[in-house]
K.L.:
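Below: one structure in structure tokens.
Labels below follow one simple rule: chain letters A, B, ... track the order of the sequence lines, proteins then strands, and each chain is numbered from 1. Please read these numbers as outputs of a predicted model, since none were measured by experiment.
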Number of protein chains: 2
Amino acid sequence: MDARAEILAVAMRAFAERGFDGASLQDIADRVGIRKASLLYHFESKDLLRLAVLEQLLLRWNDVLPRLLMVAAGGGPRIGSVMDELVQFFSADPNRARLLLREILDRPDDMRRLIGKHVAPWVKVVADYIREGQARGEMHATVDPEAYVQQVINMVVSGVATASSLAGALIDEPPVAAGKASRPAGRRRAPTTPSAASARAERSGKELLRIARESLFRERPTRATKTAR
Amino acid sequence: MDARAEILAVAMRAFAERGFDGASLQDIADRVGIRKASLLYHFESKDLLRLAVLEQLLLRWNDVLPRLLMVAAGGGPRIGSVMDELVQFFSADPNRARLLLREILDRPDDMRRLIGKHVAPWVKVVADYIREGQARGEMHATVDPEAYVQQVINMVVSGVATASSLAGALIDEPPVAAGKASRPAGRRRAPTTPSAASARAERSGKELLRIARESLFRERPTRATKTAR
DNA sequence: CCTACCGATCGGTAGG
DNA sequence: CCTACCGATCGGTAGG
């Protein structure tokens, strides 16, 4: 593999998991299998490495953006698809969410500029789409489009980034099947079986989508089966 | 002021703003106005200082908890008040939200335990309250109570922590009055006037409350005018 | 609470 | 891409 690409991948993980200050160049170099000085041959400084990691993340985001905007502005009446696209991007690699969140905490002013430049434009598009939906009476008139989109983005990014701690601690596994496997009665459960973690993530993700939907659309989005009245 | 209390306050700010690794004992000591060695006389190690800061945060939370649980479980039908209590706690000092978010990112396993111990119990209470509301037909039957509360907590904490970057970049100031002050036509606006920032925060916060409400209650929360059925 | 000091590690450079 | 090295800073200790 291209050395630069491998360094970027390793650095991405390191910055996302331990933070920019917590991750050392020595540590990144070790994981790549080169000397620290060699790493600094490819990236002139730690800060330039950080910027390259961010740039790479933006590039990947630009891959899914066109699809997202087509779904939003084009024919499809499914704003749910926009959400799906968003959720999938960050769920595909939770370190993307963690990295962004850390950058926002570490360098809020820089990130405000970056978000204003790379995110605000398509948020505007989605917000306009919502305004159309409001005009057609499909969406709640009380929705504040920009603020709504901001809250949804926040929910998705932060939700993915904090899922292991928040969902892991607050959500029990779903009942699954009644008493299938014999779980020893003593302790509550294993620290976290991967399957249990994903079950929690699913419950959490389903609720996220429900909240986003229910707070946007006026009626059940599924063909109304003569609700009450 | 008590030296320990002053150190805790300064350390809280430092850890929240720069992260545990990014904040140095030297820096904290300087801001307190003592020597680093003196700081380590009050707190045996940097890690114990971190734990003391976290403990202090939990103590303050325990101050508002009883009020919150009374509102939720007691007579008041206002789950909105629970939200208000939550929002107010973190808005009163955004560093509380930043610190918690950083700890979740830095030590997810530790925080999962801490949340399971100190947060899960009252989440259960609120979730039970929601189940009652569902049984009475006041709240959507599709709500997953635990997952809902988790998402709302996530929204509030992350929302407060990232407000300056996310809301700051995505939300324009509200129209306020039409063309009251003469804003020079050239640049878009000042980097961020404090009043503009708070206006954004208000729009963002209002929408957060709306989303939480609309996705929970079946009808307009105002007195049901003979609900359907 | 201070002065004085420690080994370890940090990001980064010189030179090949 | 490497070896060899740098000054600065880190958390922490000894001793008063």
Side-chain angles (χ1 to χ4, degrees), chain A residues 1-57 95 98-99 102-111, chain B residues 1-57 95 98-99 102-111:
Chain A
M1 193 207 274
D2 180 11
R4 264 185 73 102
E6 196 180 346
I7 293 170
L8 278 176
V10 171
M12 163 78 159
R13 277 197 53 185
F15 290 157
E17 289 173 0
R18 319 191 199 199
F20 182 72
D21 288 309
S24 71
L25 292 182
Q26 187 63 65
D27 190 85
I28 294 170
D30 286 350
R31 282 166 200 263
V32 175
I34 59 177
R35 302 290 171 176
K36 189 178 53 166
S38 311
L39 200 163
L40 287 161
Y41 160 79
H42 290 287
F43 297 91
E44 282 183 43
S45 72
K46 194 188 185 186
D47 204 62
L48 286 175
L49 175 57
R50 177 181 66 82
L51 290 173
V53 167
L54 257 179
E55 194 185 352
Q56 185 202 224
L57 178 58
N95 282 335
R98 296 191 191 108
L99 186 87
R102 297 196 104 116
E103 286 295 308
I104 287 176
L105 290 169
D106 287 345
R107 278 163 283 276
D109 290 346
D110 290 3
M111 287 306 278
Chain B
M1 192 206 276
D2 179 10
R4 263 186 73 101
E6 196 181 346
I7 293 170
L8 278 176
V10 171
M12 163 78 159
R13 276 196 54 184
F15 290 156
E17 290 175 358
R18 318 192 199 195
F20 182 72
D21 289 309
S24 71
L25 293 182
Q26 187 64 64
D27 190 86
I28 295 169
D30 286 351
R31 282 166 201 263
V32 175
I34 59 177
R35 301 290 171 175
K36 189 178 53 165
S38 311
L39 200 163
L40 287 162
Y41 160 79
H42 290 287
F43 297 91
E44 283 183 41
S45 71
K46 194 188 184 187
D47 204 62
L48 286 176
L49 175 57
R50 177 181 66 81
L51 290 173
V53 168
L54 257 179
E55 193 184 353
Q56 185 202 224
L57 178 58
N95 281 336
R98 295 189 192 110
L99 186 87
R102 298 197 102 116
E103 285 295 308
I104 287 176
L105 290 169
D106 287 345
R107 278 162 285 276
D109 290 347
D110 290 4
M111 286 306 278

K.L.:
Spell out, as yes or no, whether a donor-acceptor pair under 3.5 Å connects the side chain of B:Lys46 to the backbone of B:Phe20.
P.N.:
yes
K.L.:
Specify the residue among B:Lys36 and A:Lys36 whose closest nucleotide of DNA chain C lies further upstream toward the 5′ end.
P.N.:
B:Lys36
K.L.:
Apply salt bridge (Lys or Arg N to Asp or Glu O under 4.0 Å) to residues B:Arg18 and A:Asp21 and explain how you reach the verdict.
P.N.:
CA-CA 9 Å; B:Arg18 318 192 199 195; A:Asp21 288 309; over 6 Å; no
K.L.:
Rounded to the nearest 0.5 Å, what separation is found between the OH atom of A:Tyr41 and the CD1 atom of A:Ile7?
P.N.:
10.5 Å
K.L.:
Grab the CG-P distance between B:Leu39 and D:dG11 for me, whole Å please.
P.N.:
10 Å
K.L.:
Measure across A:Arg4 and A:His42 and return the closest heavy-atom pair with its distance rounded to 0.1 Å.
P.N.:
NH1-O, 3.4 Å
K.L.:
Of the residues in residues 12-35 of chain B, which ones touch DNA chain C at a heavy-atom distance under 4.0 Å?
P.N.:
B:Ile34, B:Arg35
K.L.:
Crowded around A:Arg13 CZ? As in, over 12 foreign heavy atoms under 6.0 Å?
P.N.:
no
K.L.:
Nearest whole angstrom, please: distance from the P of C:dG12 to the CZ of A:Phe43.
P.N.:
13 Å
K.L.:
Kindly write out the residues that satisfy side chain to side chain contact (heavy atoms under 4.5 Å, CB included) with B:Ala11, not counting sequence neighbours, or none if the list is empty.
P.N.:
B:Phe15, B:Ile28, B:Leu49, B:Val53
K.L.:
Just to be sure I follow the notation: if a pair is Watson-Crick (purine N1 to pyrimidine N3 plus N6-O4 or O6-N4) or a G-U wobble (N1-O2 and O6-N3), each under 3.5 Å, what dot-bracket string does DNA chain D give, with | for pairs to another strand?
P.N.:
||||||||||||||||
K.L.:
Among D:dT13, C:dT13, C:dC1, find the nucleotide with the atom closest to the side chain of B:His42.
P.N.:
C:dC1
K.L.:
Nearest to the B:Ser45 side chain among C:dC1, D:dG12, D:dT13, which nucleotide is it?
P.N.:
D:dG12
K.L.:
Just how far, in rounded Å, is C1' of C:dT13 from NZ of A:Lys46?
P.N.:
17 Å
K.L.:
Could you report the tightest heavy-atom contact between B:Ala16 and B:Arg98, atom names first, then the distance?
P.N.:
O-CB, 3.8 Å
K.L.:
D:dC10 C1' sits how many Å from B:Leu49 CG, rounded?
P.N.:
15 Å
K.L.:
Which atoms form the tightest heavy-atom contact between B:Val32 and B:Glu6, and what is the distance?
P.N.:
O-OE2, 3.9 Å
K.L.:
Can you tell me which nucleotide in C:dG12, D:dT3, C:dA4 comes closest to the side chain of A:Leu40?
P.N.:
C:dG12
K.L.:
For B:Met12 and B:Leu99: C-alpha separation, side-chain torsions, deciding distance, then whether side-chain contact (heavy atoms from CB on, under 4.5 Å) applies.
P.N.:
CA-CA 8 Å; B:Met12 163 78 159; B:Leu99 186 87; 3.9 Å; yes
